[in-house]
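Here's the structure, in structure tokens; my notes come after.
Residue numbering restarts at 1 for every chain, and letters A, B, ... go by the order of the sequence lines.
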Amino acid sequence: MSLEQFKNRNVGEQPYVLIESEHRPKSGMGRFQRVVNRTFKKELFTGLYVTMREMINTLFRGEMAAVKYPFEKLPISPRYRAIHDMLRLLESGHYRCIGCGLCEKICISNCIKMDTRYDENQRKEVTEYTINFGRCIFCGYCAEVCPELAIVHGGRYENASEQRASFSLFEDMLTPIDALKQQQEFDGFGAVTPNADNAIKKTPLAY
Amino acid sequence: MYEQIAFYLFSVLTIGLFLVTVLSKNLLYSMTALAAGMVMISGFFFLLGADFLGVVQLIVYVGAVMALYAFAMMFFDATRDVKEKNPNGAWIFLLGGMVALMMVLIFSAPIFSENIQAIYPSIAGATNPQSVGLVLFTKYLVPFEVAAVMLLVAMISGIILAGKKMDQSLTTEDDVLNTEIITEEDDK
Amino acid sequence: MIGLNHYLILSGLLFTIGLVGVVRRKNLLMLFFATEVILNSANIAFAAASHYYGDLAGQMFAFFIIAVAASEVAVGLGLLIVLYKKHGSLDLDDLASMKG
Amino acid sequence: MSNEITIKIDGIEYKTQEGEYILNAARANDIFIPAICYLTRCSPTLACRICLVEADGKRVYACNAKAKAGMEVVTSTEEILEERRAIMEVYDVNHPLQCGVCDQSGECELQNYTLELAVDSQSYMIPDTKRETTNWSSVLHYDPGLCIVCERCTTVCKDMIGDAAIKTGPRGGTALDKGMKDAMPKDAYSMWNKLQKSVIVPSNGTGETKCSDCGECVAVCPVGALVSRDFVYTTNAWDLKRIPATCAHCSSGCQIYYETKPTSIEDPSEKIYRVTNEWNYVSLCGAGRFAYDFENRVASKDSDAFDKAVEALTKADSIRFNSVISNEEALMLQTMKEKFGKKLVNADAYAFQHFLRAYGRPAGKLLYGSDFKKIMKTDFVISVGSALRNDNPNARYAFNNIQKMNKGAGLYFHPIGDKVIADLGKSVETFAHKPGLEEAALYLILDLFAKREELPEEIVTYLDSFHSKGTKTIKEKVMENVTSTVVDKETGESKEVTKKVPKMVEKEIEVDINSLVTLLGGAENFSEIFEKMMKKKSSFSLIVGEDLYFHPNAENLAGLVSMIEKTCSMEVVLVPPKTNSLGVALICDLDENTEGYTVGYNENGDFKLSALGDGDLDMPAMNQQEGTLTNMNKRVTPTNAALEYNGYELNDLMQGLKVGRHLTVDWTEILADKKGFQAIAFDDLPNGYSNSGEEQRGYALKNIGKRASHALPKKFDENMKLEGEIAYRCNPQRQFNDFTDKAHQIFESFSLYASPARAEVLGEKVEVDFGTEKILFDVATDERMEGDIVKIPDFKSAKDIYALFGGDRFKNVTIRKV
Amino acid sequence: MEIVNLAVLPEVTSAGVAIKAIIILAIISAVAGFGTFIERKVLAFMQRRLGPMHVGPYGLLQIAADGIKLFTKEDIVPQNANKLIFKIAPSITAATAFIALAAVPVFPDFTIPEWIPLLGGVFVPSIAADVNVGILFILGMMAAGLYGPLLAGMAQANKWGIIGSARTAVQFLSYEVVTGLSMLAPIMLVGSLSLVDFNNYQDGGFTSWMIWQQPVAFVLFLIAGFAETNRTPFDLLEHEAEIISGFATEYSGMRWGMFFIGEYANMITISVILAVVFMGGYNDLGFMAGWFIVVFKIAFFFFLMLWVRASWPHIRPDQLMWLSWKILMPVAVVNIVITGIVMMI
């Protein structure tokens with residue numbers, strides 16, 4: 001945007017409101033009146049009143065806003081994008097990751113690494129899977145690209161570490177098998193779109 | 001007993017601190033030592049029953065005068081050592097010693113004369129501030145007023161001297177000629 | 001017992017210290033400090049005399065000395081600042097523009 | 001050879017050769033015609049039918065139709081597009097949606113063409129058939145579920161490799177609904193019909209291929225159906241870093257890519273996951289493809305050992321090495337010889353150097369005249385003195401390819417019979433002659449192919465002395481006229497009809513009997529066979545192998561080969577015995593025997609420098625160093641370091657001796673001083689192929705001429721042939737040297753190899769008495785060998801087999817059962 | 001340096017003075033430390049937070065944790081600093097604050113009951129050193145207290161420190177004038193400089209409190225008190241948003257902690273003076289004992305300081321000067337004149 005355009009841009013359409021600034025008193029008397037007004041009517045004692053009211057509300061009416069963080073945590077939005085979770089299949093309990101490596105490929109900070117092998121059941125098995133949280137920028141591409149909805153962002157946001165690079169291994173991120181029933185799945189990021197069934201072109205693969 | 005201990009303690013401290021003041025190369029040390037010495041001197045005043053004088057010493061000397069010195073020192077570089085060519089010390093100390101001796105002799109003259117009468121004797125039953133007030137506002141009223149005027153004049157002249165275009169350099173003659181007295185404008 | 005002599009001797013010593021400072025130092029601020037020392041030594045002498053003779057005149061003088069000292073500081077410091085701004089130094093040897 | 005013609009493709013004129021397939025002509029000119037099943041150097045398979053184009057208004061398959069002058073080709077029309085789309089849809093029917101875990105991981109041609117032809121819906125369906133994955137061999141993994149039966153693998157195995165180890169077999173799938181035929185495009189239907197019936201199976205009827213495990217089928221597979229067993233599900237192709245290199249196992253010097261990636265999450269050091277090649281232009285052998293993990297992992301520089309090595313080199317009198325080194329290293333060793341007077345000893349290159357010099361003397365050339373590129377264009381190939389299957393896989397591929405692609409013929413002279421060679425084509429004649437009679441073989445070739453007028457008198461007389469007249473009874477078919485009376489049923493008329501009836505008649509004819517053929521163990525009716533073989537043949541080639549270099553009369557043989565080249569208008573190529581024997585032979589001035597204190601480089605010595613990790617100082621293996629190799633196509637090809645090497649290399653030692661350069665590759669440019677090499681910096685060497693298949697790797701050596709000196713070849717002595725128990729110094733296939741042995745996927749053992757019949761006699765373990773030394777060997781059976789001669793491998797340098805054989809490849813030995 | 005004028009109080013034994021001194025030192029220093037806890041709690045509540053919670057029940061032992069932290073922290077002395085002055089400065093703040101307390105009567109005088117061993121029967125005076133210039137002494141000592149931040153700022157070779165000490169000099173000098181002048185009117189009424197006399201002057205119950213006679217002086221002293229103790233909204237000496245930490249920029253560990261102890265002791269001194277001079281002191285109020293009710297008075301002023309801190313923003317240095325010289329000082333002078341006129345009439 002050139003300077004000319006910048007100056008001529010139409011400000012009027014935007015919802016700006018001009019605030020009337022207080023008139024500066026000209027005479028000494030006016031100034032005195034302003035001091036008196038400020039002191040007794042508006043500012044000083046209103047300030048004291050507000051803080052006192054808050055204190056009373058806090059102490060006696062239970063309007064305490066603080067959460068004792070390490071001991072109690074606020075529920076986090078299911079859409080929150082923190083440390084990754086590896087999900088399991090709800091039916092069998094087997095982990096969903098098939099080791100396709102798409103997350104590894106798409107990761108823009110190059111922090112996902114996996115080792116795979118050919119297992120006894122002739123399937124691709126993920127032997128190790130790590131995310132370097134020193135590098136991860138939580139962009140969510142991995143969750144978006146995952147064809148099996150195996151990797152999603154979870155709500156674990158405490159990722160401070162003593163080391164520059166903190167790694168999470170597959171087991172750390174995987175839903176514990178006994179917590180399988182609590183595994184939640186939400187519409188939205190990294191999930192099947194609500195109208196996914198309609199979007200797929202019907203192919204006669206009825207067999 | 002207490003008086004003696006206090007006197008000697010204060011004496012040693014005062015002399016030491018004032019020596020530091022006079023001999024130190026560092027302005028900050030000098031200033032600090034001088035201020036501390038002032039506090040000690042107020043201690044003497046308390047010992048001598050001049051409570052009011054002691055408090056005035058504390059408030060005026062320690063609280064105001066020395067603070068002004070400190071404030072002025074911020075314009076100079078207080079952490080740097082003072083570089084000055086000191087003349088040969090021996091002569092000065094000899095001279096100083098002789099003067100001291102003479103002073104002591106002069107001051108101790110009253111010891112031998114017992115006939116000195118108190119012009120303004122202490123008022124019995126009045127506390128020190130009361131008696132000071134009584135004397136000050138009767139016999140010394142005119143000097144007191146003069147002193148007050150003098151202080152006022154000093155204050156104004158100090159402001160004018162130091163306040164001249166504080167933000168500008170005064171290194172050229174022209175600047176000095178062109179400077180105006182700037183009074184603080186009320187822009188509130 | 002502490003007598004007047006003690007105070008007078010103390011006062012004399014302090015005066016000497018102040019005097020040595022005044023003669024010896026070349027830095028204007030140091031000169032001021034030394035002057036303060038001299039003034040205080042006088043104050044002690046006055047207060048002591050006042051105490052031992054039961055005469056309040058001594059204290060009165062001390063008050064006036066304090067007042068003079070305060071005035072001196074106000075004017076003197078203003079002058080010092082002007083000087084420093086002009087010459088960049090407070091050394092007496094440097095302030096020799098009037099020297100023939 | 002053939003004439004240059006002009007054809008029009010999509011309205012633009014292009015030049016191509018007459019008889020070239022349209023598809024190849026288009027590809028050479030960077031025009032895209034989709035094709036799945038066609039392989040450039042193989043015969044058209046016609047399985048995919050997707051290369052459909054319109055030539056002069058008719059629909060033809062571009063891979064199969066030859067270009068004619070003035071032909072107008074349209075690569076895509078509405079109908080063709082529809083047809084192609086239908087074909088791709090059919091290919092996608094029931095193809096598992098496992099792209100996420102498929103090892104092809106994006107390099108998939110099925111994916112590419114599906115997208116290219118915009119297949120976004122499916123019009124056809126059929127029940128799927130369950131197909132189990134199988135392992136065909138130690139290296140081949142086949143998933144028929146993913147297979148689209150394009151038959152590339154079978155084609156390459158037959159036409160290029162010559163194993164023909166796999167073929168299409170029945171799938172057992174549901175038959176197509178007949179109604180489909182009308183409902184869908186014709187070609188798509190027939191393609192589907194075939195696809196629905198077949199999968200790929202080993203052609204020997206068992207579950208295992210028992211082939212030479214070259215893995216070329218894996219390379220050409222367009223989908224993830226054929227994968228190396230070691231590679232299955234270990235990584236995605238996109239994670240691999242491709243490092244262009246030259247295979248360092250045999251003298252073919254094939255172009256390869258080492259594909260590397262960090263080993264695992266715990267171990268960040270790079271590891272080679274697989275080797276790939278430009279399979280359209282070059283074929284690898286099993287060693288090249290699977291023997292890649294021969295690197296010498298060294299933790300750090302061992303300065304003590306280095307100091308000792310410098311000391312050892314300073315006081316050494318001779319340096320012993322083999323030819324698995326780069327040209328640069330050879331030059332360094334030569335520099336050491338020139339500067340410090342060390343003797344350079346290299347068993348394999350020494351013989352080759354001598355042979356090469358003797359061969360070049362009469363011709364006035366430094367090098368042999370031809371290369372394998374040219375040989376593959378000929379239609380009659382002769383191999384002398386090389387166990388083709390084992391010595392050089394690429395020579396064998398060329399031999400085979402000539403039979404399959406050029407409708408060629410071949411003669412194979414070798415004392416040990418080889419079933420694979422015999423099976424390469426009907427027109428291949430093998431001579432299992434006695435060892436020592438190689439001269440006779442060359443004289444036979446002279447006799448058969450030489451233009452008599454160009455030969456010296458003496459030779460003509462000498463050759464004529466082998467011919468004699470004889471008679472032979474043959475049966476001949478003669479047509480006789482037989483007249484009979486036939487009654488017409490309708491009219492009742494009788495008619496005389498004359499018919500021609502064949503009749504066999506015995507006949508005596510006069511034949512020319514060649515005693516050389518008899519001597520070499522040729523077929524009785526060789527002259528007739530040869531007459532058939534020579535039909536429609538125009539170009540000839542000769543592959544000369546290692547046996548000749550190590551022959552007692554090597555010099556005479558070299559003279560004969562030279563004469564053959566001159567008088568028979570034959571393309572001649574010598575197969576260097578080891579990786580860089582040609583380079584070493586050209587660069588180094590070799591000595592015969594060691595003397596005094598010896599430093600061995602990958603060989604035994606008083607002080608051993610070794611890239612195998614068993615020496616006194618570690619050296620980098622060929623996949624850890626940069627440099628150039630001289631291959632048998634007389635090309636100087638660059639190779640790059642695929643893996644990290646932390647230790648010292650030879651150049652560091654040279655620096656220790658104050659004659660080093662900054663980098664090893666700084667030596668590349670100064671190779672130019674030597675015999676045909678050029679002054680090109682290593683970093684400027686190209687490494688690739690053009691679309692038309694032109695090789696652009698490094699540069700070709702110049703064949704510098706020199707003064708010719710003529711000497712007539714000597715006559716041969718029939719008594720030189722060896723009788724009795726004979727051992728032959730020959731490696732099992734896929735084993736070439738210590739490095740292939742080190743690789744984990746190559747496991748051919750260091751044993752005595754014998755034909756099945758002989759192995760049965762020998763039992764499990766034998767002691768071989770070389771006269772000077774006795775060695776215990778396990779007996780291994782080589783299913784494809786024939787005859788009584790046993791093979792003793794030389795790939796372990798530690799065993800010093802060369803010394804035991806004493807400069808010959810055949811040796812009379814005593815074998816005792818243990 | 002306590003000035004103990006034994007001649008003035010002949011009935012007071014040195015044991016009593018010592019006990020009083022110990023009481024003051026022990027209680028005030030404890031309260032000064034505890035003040036930080038109170039402050040954090042009160043500020044937290046006013047911002048709907050919990051404040052310190054984890055050390056001890058309701059965070060009561062937070063002060064101990066803070067103390068341990070301050071004592072064990074590394075004592076950093078900057079390389080270019082004037083090291084001696086840098087080290088002395090914090091103790092000046094703390095020392096002057098406690099010396100000033102020597103002349104402050106917090107509780108009425110009492111005699112320790114006979115049944116207490118060793119100390120039974122000792123008379124404990126209401127004031128440790130009842131100098132007849134008590135109120136002026138306190139003001140003087142608090143004026144001397146300005147050397148703490150002043151020297152600290154000048155000694156640390158840091159430009160924020162210099163700015164901090166400059167502000168110290170300006171702010172303390174200006175507001176000493178206001179404190180002195182505002183206190184003058186009550187002094188005129190009482191006719192004595194001794195705080196005990198102030199207390200006795202107001203023994204007539206609620207209505208005789210000085211605040212009703214001198215409301216202007218009360219407000220002026222209250223405002224000046226905030227400035228003298230370096231409390232919000234006048235905490236320009238170490239205003240983080242402007243000058244990092246002002247005079248305390250380079251301080252760490254216990255030296256930094258001493259500034260705080262001094263500040264809290266000064267807060268208590270000001271609270272006590274306000275309670276004694278204007279709010280009836282430790283006189284009994286109705287049925288409530290004086291020593292009991294005075295605690296509430298002091299606590300109220302202490303709380304007021306926290307309350308104001310939670311409520312009001314900082315002001316600019318020029319506004320501070322403007323307030324001092326153009327509003328408060330003239331008002332104080334006028335107040336004195338009016339008081340004098342009223343007294344004459």
Answer yes or no: does atom NZ of E/Lys159 have more than 12 heavy-atom neighbours from other residues, nucleotides or ligands under 6.0 Å?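 No, because the 6.0 Å sphere around NZ of E/Lys159 holds 12 heavy atoms or fewer from other groups.
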More than 12 heavy atoms of other residues, nucleotides or ligands under 6.0 Å from CE of E/Met343: is that the case?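 Above 12, so yes.
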Do you know which of E/Gly180, E/Ala166, E/Gly153 has the most heavy-atom pairs with chain B at a distance under 4.5 angstrom?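 The option with the most such pairs is E/Ala166.
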If you compare all heavy atoms of [X] against all heavy atoms of [Y], which two are closest, and at what distance to 0.1 Å?
| X | Y | result |
| --- | --- | --- |
| E/Ala143 | B/Gly63 | CB-CA, 4.0 Å |
| B/Met74 | E/Leu150 | CE-CD1, 3.6 Å |
| B/Val55 | E/Leu136 | CG1-CB, 3.1 Å |
| E/Ala169 | B/Phe71 | CB-CD1, 3.7 Å |
| B/Ile59 | E/Glu176 | O-OE1, 4.5 Å |

Please classify the contact between [X] and chain B as side chain, backbone, both or neither, with a heavy-atom cut-off of under 4.5 Å.
| X | answer |
| --- | --- |
| E/Tyr147 | side chain |
| E/Leu84 | both |
| E/Ser192 | neither |

When rounded to the nearest 0.5 angstrom, what distance separates OG1 in B/Thr32 from CG in E/Leu151?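 Reported to 0.5 Å precision, the distance equals 4.5 Å.
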Drop me the distance from E/Ile85's CD1 to B/Leu28's CG, to the nearest 0.5 angstrom.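 Those atoms lie 4.5 Å apart.
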Does some side-chain heavy atom of B/Asp51 sit less than 4.5 Å from a side-chain heavy atom of E/Phe137?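 Not in contact.
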Under 4.5 Å from any heavy atom of chain E, what part of B/Met31 do you find: side chain, backbone, both or neither?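 Side chain only.
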